[in-house]
Amino acid sequence: MNSAILGPVVALAAWTMIIWIWMYATRIPAMNRAGIDGSKIVGSSAGALRDALAAKGEEKASWVADNYNHLHEAPTVFYAVCLTLAMVGQGDNLNATIAWVYVGLRVAHSLVQILSNRVLIRFGIFALSSVALMMLVAHAVMAVLLH
């Protein structure tokens, strides 16, 4: 199977791995600066770690982790719908372009969340990416269920 829509799928997966690296490159030093010994954390939730980091002035370290988690939410629908479109021969042209727009918006969302965490800007970018995702889902519905 060769479909242009697979490019954005791989690009978003790669971006997610970059954020994973960024998360640990940020969080581990923040834990060290905050005097949090990771070897003594047993069964702690992410919220408890976030609170401990924030109490020591290291809240920005959680922004990257939050974004990493966000890249496992709506993008799961993106992956499924793009693979579906590729399998039914609808992964080129307009759908591939929409998929690239989605990836660009998700990267922009990541950068805003990690660097400034301006909620209104993040929401606007998220809303636009959601519209792109809805378009891809609608195209998949038409290709699979209406044909």
Side-chain angles (χ1 to χ4, degrees), residues 1-31 34 36 38-39 41-55 58-147:
M1 171 181 8
N2 187 12
S3 178
I5 206 165
L6 297 177
V9 168
V10 172
L12 189 57
W15 179 250
T16 302
M17 295 302 98
I18 289 167
I19 297 300
W20 183 88
I21 293 165
W22 194 344
M23 175 178 62
Y24 284 104
T26 303
R27 187 170 260 190
I28 292 170
M31 289 173 65
I36 298 170
S39 68
I41 298 173
V42 178
S44 177
S45 70
L49 179 55
R50 174 189 282 87
D51 293 345
L53 287 167
E58 296 287 349
E59 62 276 344
K60 287 185 177 183
S62 293
W63 295 355
V64 186
D66 291 343
N67 187 259
Y68 180 73
N69 290 333
H70 293 163
L71 288 169
H72 290 87
E73 293 169 353
T76 59
V77 176
F78 170 78
Y79 294 127
V81 77
C82 286
L83 293 174
T84 299
L85 287 165
M87 287 189 290
V88 299
Q90 297 293 315
D92 295 320
N93 303 318
L94 179 61
N95 287 326
T97 300
I98 295 168
W100 278 116
V101 167
Y102 181 82
V103 170
L105 289 166
R106 290 308 306 209
V107 168
H109 178 273
S110 292
L111 294 173
V112 168
Q113 184 167 23
I114 292 166
L115 300 175
S116 71
N117 211 6
R118 308 291 271 185
V119 175
L120 190 58
I121 296 169
R122 273 181 39 215
F123 174 73
I125 296 169
F126 177 76
L128 289 172
S129 72
S130 295
V131 170
L133 185 53
M134 287 177 214
M135 292 170 67
L136 290 171
V137 169
H139 292 168
V141 166
M142 289 187 287
V144 173
L145 298 179
L146 301 179
H147 280 91

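Side chains included, hydrogens not; waters and symmetry mates left out as well; all remaining heavy atoms used.
Residues Ser3 and Leu85 have side chains not in contact (no heavy-atom distance under 4.5 Å, counting atoms from C-beta outward). The shortest side-chain heavy-atom distance between Arg27 and Leu49 falls under the 4.5 Å cut-off. A heavy-atom distance below 4.5 Å is not found between the side chains of Gln90 and His147. For the pair Ile98/Ile5, no side-chain contact is recorded, criterion being any heavy-atom separation below 4.5 Å from C-beta on. Residues Pro75 and Arg106 form a side-chain contact, since some pair of their non-hydrogen atoms from C-beta on lies under 4.5 Å apart. Looking at Glu58 and Met31, their side chains never come closer than 4.5 Å, going by heavy atoms from C-beta outward. Counting heavy atoms from C-beta on, the side chains of His72 and Thr16 come closer than 4.5 Å.
Shown here are the side chain to side chain contact (heavy atoms under 4.5 Å, CB included) partners of Trp22, two or more places apart in sequence or in another chain: Ile19, Thr26, Val64, Leu111, Ile114, Leu115. For Phe78, the ring-ring contact (aromatic ring centres under 6.0 Å, His included) partners at least two apart in sequence or on another chain are Tyr102.
Here the shortest heavy-atom pairing between Pro8 and Ala96 reads CG-O, 4.1 Å. Here the shortest heavy-atom pairing between His109 and Phe126 reads CD2-CB, 4.0 Å. When all heavy atoms of Ala140 and Val81 are compared, the pair lying nearest together is CB-CG2, 3.3 Å.
Tested against Ser62 for a side-chain contact (heavy atoms from CB on, under 4.5 Å), the candidates Asn117, Leu53, Asn67 yield a single pass: Leu53.
The line from CG of Leu105 to CG of Leu133 is 11.0 Å long, rounded to the nearest 0.5 Å. If you take CD on Glu73 and CG on Asn69, they are separated by 6.5 Å, rounding to the nearest 0.5 Å.
The environment of Tyr79 atom OH is dense: over 12 non-hydrogen atoms of other residues, nucleotides or ligands sit within 6.0 angstrom.
The side-chain hydrogen bond (donor to acceptor under 3.5 Å, both in side chains) analysis of residues 130-141, with sequence neighbours excluded, yields the pairs Asn95-His139.
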